[in-house]
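For reference, the structure is listed below as structure tokens.
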Protein chains: 2
Amino acid sequence: MGSANRAKSRRSSGSQKPPLSRDAVLSKALELVDAEGIDALTMRRLGQRLGCDPMSLYRYAESRAALLDGVAELVLDELSIQPGDPDWKVQLRLLAHDFRKLALQHPHVVPLLVTRPLSTPLGMRPLGTLRPLEQILSLLIAAGFEPSDALHVYRAYYGFLYGHILNELQEFIVDPEESEALLRLGLHRLPAKDFPRLRALAPALADYDGSEELDQGLTIRLTGLEAQLARRTG
Amino acid sequence: MGSANRAKSRRSSGSQKPPLSRDAVLSKALELVDAEGIDALTMRRLGQRLGCDPMSLYRYAESRAALLDGVAELVLDELSIQPGDPDWKVQLRLLAHDFRKLALQHPHVVPLLVTRPLSTPLGMRPLGTLRPLEQILSLLIAAGFEPSDALHVYRAYYGFLYGHILNELQEFIVDPEESEALLRLGLHRLPAKDFPRLRALAPALADYDGSEELDQGLTIRLTGLEAQLARRTG
DNA sequence: CGGGTAAAGTCTACAGTGTAGATCGGGCGT
DNA sequence: ACGCCCGATCTACACTGTAGACTTTACCCG
């Protein structure tokens, strides 16, 4: 198709043939999603970017949906728990901030992270998706929680984290310079009679420190959990 | 197309011509999504169900995406705050449980609720989406919070609520009879070396009372917020 | 009653999608 | 040398969203 496609020689003259592994496919896919959003991830377009036939991709992901799952897994794998850290609370706190950072770096992937597991019964998920769960569980159990309590704690923690991320991303504004103007502009459309509070809060909405808000929420949550733990262990 | 399509007479002999309003379109769309999931909502299929040309739909929603927004809005409209209730805490608690019930009734819509706002700058959202925000804000302000604090409270509250819903739906299992068996089956696939905690917790995962978990989380959250309020008002 | 106007509904057509199935090519073991 | 198999490709099909032209319907005014 191209010009010098016969380049199958050993040293392909510095041209492009990273020989198409699963990771190569997934990371190019991630690139594409990051750059243009989920809908832009098309078999044909991805094939184009990789310089191969769209059909080749099916060797490495058995459908487009599976490919999306792969992308989500790839992103999640960037997270990891340092298993030997001192305090479970600082652990969870660090992890939360890492996750937040990751979400801000790949905002287009967040819908996948949040949405895809809904269609997959828990046991059938890609392992990469379950690893954080397992890690946190053992972290908590090591910290002294009863296993079943650890599950509750995990739910409370992750629920809050997901919720926060979604909230923060919803208010995300691209250009921090013009943000306030844009916001006002957007809100100006609202009928003043029906939305007085919202309009009045426009400036407050404009300067929103997600990191701090996350941290505050975490302290509340974590101290509460710690109290619960103290009560158990006596 | 059909057989007796000439039926345009005043009384259409009990046949079918609910004359295609926006609400008719949206609620049929919701039906379809509830029954078969988001991907099943296709212009052509929806047209078929409504007995009209797919193109007609564009009179009532200017694109498929807009149609999805409409569906989300329609679902959200089923929620409402009784404005005259006694305590803001019981208000928020009731609202949370209503929302949870709604989410369980329309699980396929939840991804829309959670995801669509991410692509729409806050000011440009369909009004139905913003109304809950406004209502909660005025509820909180009426309860004595400073407006900017009300915003924080709203974020904490909704963040938690969204997170909980997502968590609960992820563990949702269709048939409560076989659920445990299925779950074990699913989890059995996990390598025992890598996921010991998770496998051990299978039974605990199986009996998960979402409502109670929600309620517990709410009490923590709400009492925390109340303390904050008391501090402000002195 | 006739005619004009705007809306509501339809038809056709196009570019693009995911993917099943057959086909090709080239490196390996024997 | 042969056969084999696996990765990559090609072709084809059913289906998608939607632009633009067209037809039908409803109604209002003279």
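Letters A, B, ... are given to chains in the order of the sequence lines, protein chains preceding strands, and every chain is numbered from 1. Everything quoted here is computed from the prediction, not taken from an experiment. For the numbers below, each heavy atom of this structure counts, side chains included, while hydrogens, waters and symmetry mates do not.
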Would you call B:E36-B:R45 a salt bridge at under 4.0 Å N-O?
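Looking at B:E36 and B:R45, the cut-off is met.
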Under a 4.0 Å N-O cut-off, is there an ion pair linking A:R49 with A:E31?
no
Find the distance [X]:[atom1] to [N]:[atom2] and express it as a whole number of Å.
{"X": "A:Q48", "N": "C:dG18", "atom1": "CD", "atom2": "C1'", "answer": "16 Å"}
{"X": "A:L57", "N": "C:dT17", "atom1": "CG", "atom2": "C1'", "answer": "14 Å"}
{"X": "B:M55", "N": "D:dA19", "atom1": "CE", "atom2": "P", "answer": "8 Å"}
{"X": "A:R45", "N": "C:dA15", "atom1": "CZ", "atom2": "C1'", "answer": "14 Å"}
{"X": "A:M43", "N": "D:dC15", "atom1": "CE", "atom2": "C1'", "answer": "16 Å"}
{"X": "A:D53", "N": "D:dA12", "atom1": "CG", "atom2": "P", "answer": "14 Å"}
{"X": "A:L41", "N": "C:dT17", "atom1": "CG", "atom2": "P", "answer": "11 Å"}
{"X": "B:L46", "N": "D:dT16", "atom1": "CG", "atom2": "C1'", "answer": "14 Å"}

Which ones in residues 61-69 of chain B lie close to DNA chain D, meaning a heavy atom under 4.0 Å from one of its atoms?
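Of all residues in residues 61-69 of chain B, the ones placing a heavy atom under 4.0 Å from DNA chain D are B:S63, B:R64.
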Side-chain contact test, heavy atoms from C-beta onward, threshold under 4.5 Å: evaluate it for B:L140 versus B:Y157 and give yes or no.
no
Does any non-hydrogen side-chain atom of B:I81 lie less than 4.5 Å from one of B:E134?
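In short, these two side chains do not touch, never coming nearer than 4.5 Å.
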Closest nucleotide among C:dT10, D:dG7, D:dT16 to the B:S56 side chain
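It is C:dT10.
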Report the nucleotide, chosen from D:dG17, C:dT10, C:dA8, that has the shortest atom-to-atom distance to any side-chain atom of B:R59.
C:dA8
What is the nucleic acid contact for A:T42, judged by heavy atoms within less than 4.0 Å: base, sugar-phosphate only, or nothing?
sugar-phosphate
Rounded distance (nearest 0.5 Å) linking atom CZ of A:R125 with atom CG of A:L130:
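Answer for the CZ-CG pair, A:R125 versus A:L130, is 6.5 Å.
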For the CG atom of B:L161 and the OH atom of B:Y154, what is their distance to the nearest 0.5 Å?
9.5 Å
With no angle test and no hydrogens, is the base of C:dG18 tied to the side chain of A:R44 by a donor-acceptor pair under 3.5 Å?
yes
Using a 3.5 Å cut-off and no angle test, enumerate the donor-acceptor pairs between side-chain atoms of residues 99-114 of chain B and protein atoms at least two apart in sequence or in another chain.
| from | atom 1 | to | atom 2 | distance (Å) |
| --- | --- | --- | --- | --- |
| B:R100 | NE | B:E168 | OE1 | 2.9 |
| B:R100 | NE | B:E168 | OE2 | 3.3 |
| B:R100 | NH2 | B:E168 | OE2 | 2.7 |
| B:H106 | ND1 | B:D34 | OD1 | 3.1 |
| B:H106 | ND1 | B:D34 | OD2 | 2.7 |
| B:H108 | ND1 | B:V33 | O | 3.1 |
| B:H108 | ND1 | B:D34 | O | 3.3 |

Should B:Y58 be listed as having a side-chain N or O under 4.0 Å from OP1 or OP2 of D:dG20?
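No, because none of the side-chain N or O atoms of B:Y58 sits under 4.0 Å from OP1 or OP2 of D:dG20.
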